[in-house]
Student: 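Please find one structure pasted underneath; my questions will follow.
Atoms within a ligand are numbered from 1 in the order they appear, just like the ligands themselves.
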Amino acid sequence: MQVAVIGLGRFGFSLADILIENGHEVLVVDKDEKLVQEFENKAREAIVGDATDESLLRSLGPQNLDAVVVAIGDDVEASVLVCISLMDIGARYIIAKAENDRHAKILKKIGIHKVVQPERDSAKAVADHIMHPKLFDRFYIGEDHSIIEIKSPKSFWGKTLMELDLRRKYNVLVIAIKRREPMFDSSGEIKGFKEHLIAPPSPNEQILEHDVLIVLTSNENIKEVERWQ
Ligand code: ATP
């Protein structure tokens, strides 16, 4: 993928680094020369400049990139200006970092495709982890629903989805099963799992001991799901 990251603060810097580590072509822009220098040997382009300058943005060719990330937080005016210019130029997909709820509201209002609040988003994930220790992962779907990952409870092992009838009993839908086959070390201990996804699972699919269930549920129902034993 080809991605531009504008603003190399803690968030933009880490994001650009991770994308490069994973083999993507990244263009970075920051007005701070020292930060840009860190990317000189690894980014496709490392540009020192003010991103509120529209000609600089045009030179990135945002209409040809898979995504442009605007990671300027403190200077809300600059962030909004850059976003509007990118939209005018025809950037295909814009992700913008918001400093606070007000900033996020403005970015959403002007039609930015995805708005992130890194501190808030990661605090939410940690709070979720504390409140729902049994969940391996959670993705919010709108306001009221989530897709959660949960280890298959013992009472499900050996039973088919049809027999379990979770949809009728709990009003949840198992949309996929992550089948994990254990790999053992020489002392017979599990050293890891080989995984494959069964999606969507057939009603005749039997649940096995190490399966992880991927479940679509209302947020109200999550506590109930966590009580599965
Ligand atoms: P983080 O929390 O991720 O560290 P932040 O929101 O505190 O980020 P900011 O100070 O807003 O960080 O800016 C992030 C980066 O964006 C900084 O390195 C800054 O130099 C750069 N930056 C800010 N405005 C512009 C601009 N107009 N053009 C280019 N770079 C900019």
Student: Any salt bridge between Asp211 and Lys151, counting N to O under 4.0 Å?
Tutor: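 Judged by the 4.0 Å cut-off on N to carboxylate O distance, Asp211 and Lys151 do not form a salt bridge.
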Student: Starting from atom 28 (N) of ligand 1, locate the nearest protein heavy atom and write down its residue, its atom name and how far away it is, to 0.1 Å.
Tutor: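 Looking only at protein heavy atoms, the one closest to atom 28 (N) of ligand 1 is Ala51 N, 2.9 Å.
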Student: Quick test of your reading of the structure: of Glu77, Lys31, Glu119, whose heavy atom lies closest to atom 24 (N) of ligand 1?
Tutor: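 The nearest heavy atom belongs to Lys31.
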Student: Just to be sure I'm reading this right: ignoring hydrogens, which of Val82, Asp30, Val36 gets closest to atom 17 (C) of ligand 1? Compare them by their nearest heavy atoms.
Tutor: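 The residue whose heavy atom sits nearest atom 17 (C) of ligand 1 is Asp30.
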Student: Does Lys124 count as lying over the ring of Tyr140, i.e. NZ or CZ under 6.0 Å from the six-ring centre, within 45 degrees of the axis?
Tutor: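 Yes; both conditions hold, so Lys124 lies above the ring face of Tyr140.
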Student: Relative to the heavy atoms of Leu35, which atoms of ligand 1 are at a distance of less than 4.0 Å?
Tutor: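 Those atoms are 18 (O).
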Student: Side chains of Asn171 and Ser218: does their closest heavy-atom pair fall under 4.5 Å?
Tutor: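 No; the side chains remain at least 4.5 Å from each other.
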Student: According to a hydrophobic-cluster definition based on side-chain heavy atoms being under 4.5 Å apart (Ile, Leu, Val, Met, Phe, Trp, Tyr only), do Leu135 and Phe139 belong together?
Tutor: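 Different hydrophobic clusters.
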Student: Before you tell me yes or no, could you show the steps for Arg179 and Glu195 under salt bridge (Lys or Arg N to Asp or Glu O under 4.0 Å), namely the whole-Å CA-CA distance, both residues' side-chain angles and the distance that decides it to 0.1 Å?
Tutor: CA-CA 6 Å; Arg179 178 127 307 153; Glu195 284 184 5; over 6 Å; no
Student: Could you tell me whether Gly12 and ligand 1 have an N or O pair separated by under 3.5 Å?
Tutor: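 So ligand 1 has no N or O lying under 3.5 Å from an N or O of Gly12.
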Student: Before signing off on this row, confirm whether Phe11 and ligand 1 have an N or O atom pair separated by under 3.5 Å.
Tutor: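 Between Phe11 and ligand 1, an N or O pair is found under 3.5 Å apart.
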Student: Of all the non-hydrogen atoms in the protein, which one sits nearest to atom 16 (O) of ligand 1, and at what distance?
Tutor: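 Answer for atom 16 (O) of ligand 1: Gly7 CA, 3.2 Å.
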Student: Would you call Leu8 a ligand 1 contact, heavy-atom distance under 4.0 Å?
Tutor: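 In this structure, Leu8 qualifies as a contact of ligand 1 - some heavy atom is under 4.0 Å.
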Student: Considering only protein heavy atoms, which is closest to atom 25 (C) of ligand 1, and at what distance to one decimal place?
Tutor: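 Of every protein heavy atom, Ile72 CD1, 3.6 Å lies nearest to atom 25 (C) of ligand 1.
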Student: Examine distances only and state if a side-chain atom of Ser85 and a backbone atom of Leu81 form a donor-acceptor pair shorter than 3.5 Å.
Tutor: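 Yes; judged by distance alone, with no hydrogens or angles, the pair exists.
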Student: May I ask you to check whether over 12 heavy atoms, not counting those of Asn41, lie within 6.0 Å of atom CG?
Tutor: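 Count not over threshold, so no.
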Student: Looking at Lys154, I want to see if its NZ is surrounded by more than 12 non-hydrogen atoms of other residues, nucleotides or ligands under 6.0 Å.
Tutor: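 It does not: Lys154 NZ has 12 such atoms or fewer within range.
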Student: Can you find an N/O atom of Val29 closer than 3.5 Å to an N/O atom of ligand 1?
Tutor: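 No; every N/O pair is 3.5 Å or more apart.
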Student: By number and element, which atoms of ligand 1 are closer than 4.0 Å to a non-hydrogen atom of Glu99?
Tutor: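 It comes down to these atoms of ligand 1: 6 (O).
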Student: Can Gly49 be said to touch ligand 1, with heavy atoms closer than 4.0 Å?
Tutor: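 Gly49 counts as a contact of ligand 1 under the 4.0 Å cut-off.
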Student: Taking the six-membered ring for Trp, are Tyr93 and His113 parallel (under 30°), tilted (30 to 60°) or perpendicular (over 60°)?
Tutor: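 Because their plane-to-plane angle is under 30°, the rings of Tyr93 and His113 count as parallel.
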Student: Considering only protein heavy atoms, which is closest to atom 2 (O) of ligand 1, and at what distance to one decimal place?
Tutor: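 Going atom by atom, the protein heavy atom closest to atom 2 (O) of ligand 1 ends up being Arg10 NH2, 2.9 Å.
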Student: May I ask you to list the atoms of ligand 1 that are less than 4.0 angstrom from any heavy atom of Asp50?
Tutor: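 Near Asp50, meaning under 4.0 Å from one of its heavy atoms, ligand 1 has 26 (C), 27 (N), 28 (N).
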Student: May I ask which of Val70, Leu56, Val28, Asp74 has a heavy atom nearer to atom 9 (P) of ligand 1 than the others do?
Tutor: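 Result: the heavy atom closest to atom 9 (P) of ligand 1 is in Asp74.
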Student: Please identify which atoms of ligand 1 are closer than 4.0 Å to at least one heavy atom of Ala71.
Tutor: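 In order of numbering, the contacting atoms are 14 (C).
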Student: Is the cationic atom of Lys42 (NZ for Lys, CZ for Arg) positioned less than 6.0 Å from the six-membered ring centroid of Phe39 and within 45 degrees of its normal?
Tutor: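 Yes, Lys42 sits over the ring of Phe39.
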Student: Considering the heavy atoms of Lys97, write down every atom of ligand 1 situated less than 4.0 Å from one of them.
Tutor: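 This gives 1 (P), 2 (O), 3 (O), 6 (O), 8 (O) as the contact atoms.
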